[in-house]
Each structure stands twice: as structure tokens, then as C-alpha cells.
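Beneath this line is the structure, given in C-alpha cells, with notes to follow.
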Amino acid sequence: KANSQNFRVFSRPIYGDKPAPHSSLAHFRCVVAHEVRLLADSPDEFFDALGQAIGRYQNCITQGGEIREYRDASGRVIAFAQEATKGKVMRGQWFYSTDAGSKSFVWFHSVQELV
């Protein structure tokens, strides 16, 4: 099902001497929406989730590796996956901007691409 979804995928390498390809407002919003959706079950928890999102975003744009950016038919970022590699260790992380993004099999597609 992952390969039959209506999204476009762009692979973007992260170079140490250039800004990260996911250091944009669209990607920041994606991380914030992801964390708020997962962590804020009530309005009182919003700021804690926002704090987590800021920390995770700062962390992900400072790591090397590559991102896979998922965009919907209108060109909006619906998710991104990041592969960070150091030596023989590979780490992946995923962020979905909406519930629709999380249900579009992006995770399965990104795992298939990483393996």
C-alpha cells in the first residue's frame, strides 16, 4: 500500500557546510503538529508538547544524514523521515504533519527505502 499512495518523495542529503534541507517553517510546523498531536491530550499540555517539538526540531536539523520529504498533491509537506548515520550506526526518525499524513503509509515507505 505504501507505494500506491498519493504523495511525492524527495531525498535530500544533509551537508555539514550548508543549512539543513529541512530547516524551514514547513518542516518546523510538521514537527510541532506531530508532537502536539501525540503529547497534548488537553489544552494544559500544549506548551509542554511545544517545548518537546522545539527540542526535537533543533536536534534533527543538527544531525547529518539524509531526509526523505513527503509532499501531498498540492506540494505541502505532510511528513518527513530522517536517516542519521554515524559510523556503523543508523538511526531513523519520522514526523507527520497531520493525521492524514500518518495514515498514508509514509512510515512503511520510509522504512522500505532505508532498508
Side-chain angles (χ1 to χ4, degrees):
K1 287 187 172 185
N3 290 326
S4 64
Q5 298 299 308
N6 189 21
F7 54 70
R8 293 179 296 153
V9 185
F10 302 91
S11 292
R12 303 188 190 284
I14 302 167
Y15 298 109
D17 60 342
K18 297 180 182 173
H22 52 315
S23 57
S24 74
L25 181 58
H27 293 88
F28 177 69
R29 285 181 175 172
C30 182
V31 174
V32 170
H34 179 88
E35 295 298 321
V36 168
R37 189 174 59 259
L38 292 176
L39 301 175
D41 293 329
S42 71
D44 294 336
E45 296 172 331
F46 171 78
F47 289 107
D48 289 336
L50 181 60
Q52 288 289 329
I54 291 168
R56 292 203 62 196
Y57 181 73
Q58 287 176 323
N59 183 43
C60 80
I61 62 170
T62 60
Q63 294 179 7
E66 181 176 295
I67 67 161
R68 285 187 179 65
E69 180 181 85
Y70 293 83
R71 292 184 176 264
D72 63 13
S74 66
R76 194 180 86 162
V77 174
I78 60 168
F80 70 92
Q82 180 177 5
E83 169 193 329
T85 306
K86 184 170 183 173
K88 294 181 180 181
V89 177
M90 182 187 297
R91 177 178 182 255
Q93 58 185 355
W94 299 266
F95 299 100
Y96 307 101
S97 63
T98 63
D99 287 335
S102 68
K103 295 175 184 173
S104 64
F105 298 94
V106 167
W107 184 84
F108 294 100
H109 186 274
S110 66
V111 169
Q112 180 181 4
E113 292 291 309
L114 289 171
V115 177

- Between Pro21 and Ile14, the two heavy atoms sitting closest are CD-CG1, 3.8 Å

- Query: What pair of heavy atoms forms the shortest contact from Cys30 to Ala79, and how long is it?
  - Reply: SG-CA, 3.9 Å

- Message: Looking at Ser97 and Ile78, would you say the former's side chain and the latter's main chain have a donor-acceptor pair under 3.5 Å?
- Response: yes

- For Asp48, all residues meeting side chain to side chain donor-acceptor pair (under 3.5 Å), sequence neighbours excluded: none

- Task: Determine, using the 4.5 Å side-chain heavy-atom cutoff (strictly less than), whether Val31 and Leu50 are members of one ILVMFWY cluster.
- Result: yes

- When every non-hydrogen atom of Gln63 is compared with those of Ala84, the smallest separation belongs to OE1-CB, 3.3 Å

- Applied to residues 25-41, the side chain to side chain donor-acceptor pair (under 3.5 Å) test, sequence neighbours excluded, yields Ser24-His27, His27-Glu69, Glu35-Arg56, Arg37-Asp99

- Task: Find out if a path of hydrophobic residues (ILVMFWY) with successive side-chain heavy-atom gaps under 4.5 Å connects Phe95 to Val77.
- Result: no

- Item | Results of salt bridge (charged side-chain N to carboxylate O under 4.0 Å, His left out) for Glu45 - residues two or more places apart only | none

- Report the residues that fulfil side chain to side chain donor-acceptor pair (under 3.5 Å) with Tyr70, sequence neighbours left out, ordered by chain and then residue number. His109

- Message: When you measure from the side chain of His22 to the backbone of Cys60, do you find a donor-acceptor pair of N or O atoms at a distance under 3.5 Å?
- Response: yes

- Query: Of all residues at least two apart in sequence or in a different chain, which pass the side chain to side chain donor-acceptor pair (under 3.5 Å) check with Ser42?
  - Reply: none

- Query: What are the two closest heavy atoms between Val36 and Ala49, and how far apart are they?
  - Reply: CA-CB, 3.8 Å

- Query: Please, which pairs that meet ring pair (Phe, Tyr, Trp, His ring centres under 6.0 Å) have at least one residue in residues 38-64, sequence neighbours excluded?
  - Reply: Phe28-Tyr57

- Message: To the nearest 0.5 Å, what is the distance between CG on Leu38 and OH on Tyr96?
- Response: 10.0 Å

- Query: Counting distance only, does the side-chain N/O of Ser11 pair as donor-acceptor with the main-chain N or O of Glu66 below 3.5 Å?
  - Reply: no

